[in-house]
Amino acid sequence: MSYKPLHGDDEIYPAEEETSTLHDAQPVSRQRLHTDRRFFKTSHSLHTAISFAAGAVMALFGYEQGVFGGIIVGSDFLGYFKHPSPGMQGFVTSVYDLGCALGAVAALFLGEKLGRKRMLIVFTVIMTVGIVVQTAARDMTDMVVGRVVAGIGNGGNTATAPVWHVETSHQSAKGSAVVKEMAVNVLGFVISNVITLAFSGSMTEAQWRFPLGIQLIFCAVILVMIPMLPESPRWLLARKRDVDAKHVLQMLNDGDVEEEYEQIRSSVKAEQAAQSSWSQLFHGGLATRRVLLGMMLQVAQQLSGINVLAYYLPVVLHRSVGLPEFTARLVAVANAVSFWLSTSVSILFVERIGRRKLLMVGAAVMAVAFLGVSIGVSLGLTTPDSHGPGIAATAFIWLYFTTFSSGWISVPWLYPAEVNSLKFRTKGAALATACDWLFNYVVVQTTPPGIQHLKWGLYLIYALLNATFVPLVYYLVVETQGRSLEQTDRWFEKNPGWLVHKADHSVNAGLNGSVGGRMRAMGVAEDHEAMMDEFELTADDDDSSAPSSPVTRRSSYPSDG
């Protein structure tokens, strides 16, 4: 293949009139390459733009988590919608999560067909429609429809943006990119509390319409930026657009990209070779166990009670703790800022402390925090003239948020990708995400009736749930910190039992001193090597009539991950 310069640029691109020999790759047009370089002259500026666009998606997600709890305590909102019952308040808030679950499932089936960029554009348009319907709502039916539609858009976006961000990040920055997105998500939560506080004094419909409508700014940022940014090179390689993929890598890096290009290409081949059916996932055995572990942690995250407080913090502080409405909003803002700061600080140590230790210590402290909230609310009901119980309950709420941000905010999202084998990684992560949204709905739906009828008992339930997570993690959760994905595969083969409290959780556990053991210590698993050898054989033996298919015999990979 020959190359020629484009408009005097130092970079070189495939000649327009020639066709790439790389797996029937589609050539990149000169005009499109020129357009790419017009906006972002350096790789650093391009990475910054990608982070900003992905951050806008996650900030919008965090904003939505906090905004409704801030407006349903407002007098104008309650009066306009004829004072909905606690059950209806829970439903209109939580139905958003059902929409998110639908969007996440849709992303699972459409994502590989449409690509990361088109998915983000489509789902942002859907979310925009939902936000407009909510902002212009004339009755509760309009509000419910708007929240479902917006939820579908958010579910699709949050399933796509982190993947796109990671796949376009430098290899050394992939892990921190995920944790930073969580910090940006909490920043959106902070903004929602500030906005609802700022408009709480309004006696007009602006009290709730403006906090809902301002979300359109996030949507505008996403829709303007995404078309200017590159597609995931990994997705392009999966679609056999090799030249496009290499060009994107050249834009994302300042040096030679050949090694990274070959690594991604090999990874794509491996995943395509290892694809499995849904039925294989539920045959029982090791694969099912690993998938269930990821699902279990996502369920536990929601049952830890985070969205009792994240969605309804002003409501909890006003109706349970007994703070005046404005004071409740002010405390919610201060707590949200603290939550964001502690989440940001967790970036420094989340990869240094083991997953098991973070989860067990965190669950124990969160159990104590909810117990403190329960006692504070109970004493506040019996001694309404005393401010002490309310202050104590507020302090324990702060303790809960700070503890949650140290591990439980991130590990349940990272764990499904870490614990599942190659062939079940995508499906396992999708099922775990679906569990998260489903139990998010359950928690958010039941909170307002729980506050009204159970009072202090609601918080005692979550204290008990958090306490049960300590032995749950101790006996069942496998340590993944510091291990390559291949080393995790080997650990499960060496430890087939469900109970892991007596197992060796050290990084090199189960690796012997043989050549194979030393290879595994470097992150190279025997089954992965065998699969790649088989891939090369099948690719060489493949008939020339199907040059675009890199894998012809998927059954060559073991069926029980």
Under 3.5 Å, is there a donor-acceptor pair between the side chain of R209 and the main chain of E205? no

The reported gap from CD in Q215 to CE in M127 (rounded to nearest 0.5 angstrom) is 6.0 Å

V473 to R356 - nearest heavy-atom pair and separation: O-NH1, 3.1 Å

Mind listing the closest non-hydrogen atom pair of F339 and I306 along with its distance? CZ-CD1, 4.4 Å

Looking at side-chain heavy atoms only, is the closest gap between H165 and I50 below 4.5 Å? yes

Considering residues, nucleotides and ligands other than F52, do more than 12 of their heavy atoms fall under 6.0 Å from its CZ? no

Heavy-atom pair with the smallest gap, counting every atom of Y63 and P211: OH-O, 2.6 Å

On a heavy-atom basis, the closest approach of M366 and S304 is CE-CB, 4.3 Å

Identify the residue among L292, L297, L293 that makes a side-chain contact (heavy atoms from CB on, under 4.5 Å) with M295. L292

Between Q134 and F68, does a side chain to side chain contact (heavy atoms under 4.5 Å, CB included) hold up when you go through it step by step? CA-CA 11 Å; Q134 289 179 75; F68 224 74; 4.2 Å; yes

Side chains of I131 and C219, heavy atoms from C-beta outward: is any pair under 4.5 Å? yes

Mutual orientation of the aromatic rings belonging to F77 and F81 [parallel < 30°, tilted 30-60°, perpendicular > 60°]: tilted

Nearest atoms (heavy-atom pairs only) where V443 meets Q302: CG2-O, 3.6 Å

Could you give me the CA-CA distance, side-chain angles and deciding distance for I451 and Q89, then say whether side chain to side chain contact (heavy atoms under 4.5 Å, CB included) is met? CA-CA 12 Å; I451 291 174; Q89 290 180 37; over 6 Å; no

Could you check whether any side-chain heavy atom of R239 comes within less than 4.5 Å of a side-chain heavy atom of D244, counting everything from C-beta outward? no

Shortest non-hydrogen separation from L303 to Y462 and the atoms involved: O-CD2, 3.2 Å

Side-chain donor/acceptor of E231 to backbone N/O of R116, under 3.5 Å: yes

How long is the gap from CD on E64 to CG on D97, to the nearest 0.5 Å? 9.5 Å

Any side-chain heavy atom of I409 within less than 4.5 Å of one from V186? yes

Quick one: does F492's side chain get under 4.5 Å of V419's, heavy atoms only? yes

In Å, rounded to the nearest 0.5 Å, how long is the span from CG of N193 to CG of N335? 8.0 Å

Inter-residue atom distance L249.CG - L237.CG, 0.5 Å rounding: 7.5 Å

Once you round to the nearest 0.5 Å, how far does CG of N154 lie from OG1 of T158? 4.5 Å

SG-OH distance between C100 and Y96, expressed to the nearest 0.5 angstrom: 4.5 Å

Parallel, tilted or perpendicular: ring planes of F210 versus F199, cut at 30 and 60 degrees: parallel

Does E479 offer a backbone N or O that forms a donor-acceptor pair with the side chain of R355 under 3.5 Å? no

List the steps and the verdict of side chain to side chain contact (heavy atoms under 4.5 Å, CB included) for Q298 and W437. CA-CA 9 Å; Q298 286 282 39; W437 285 119; over 6 Å; no

Could you tell me if the side chain of W208 sits less than 4.5 Å from the side chain of M143, heavy atoms only? yes

Evaluate the side chain to side chain contact (heavy atoms under 4.5 Å, CB included) criterion for residues V125 and L223: first the C-alpha distance (whole Å), next the side-chain angles of each, then the deciding distance (0.1 Å), finally the verdict. CA-CA 8 Å; V125 169; L223 292 174; 4.1 Å; yes

For the residue pair W408 and F469, categorise the inter-ring angle as parallel (less than 30°), tilted (30 to 60°) or perpendicular (more than 60°). tilted

Using a 4.5 Å cut-off on heavy atoms from C-beta on, say whether the side chain of I195 contacts that of V67. no

Does the side chain of V477 reach to within under 4.5 Å of the side chain of Y415, using non-hydrogen atoms? yes

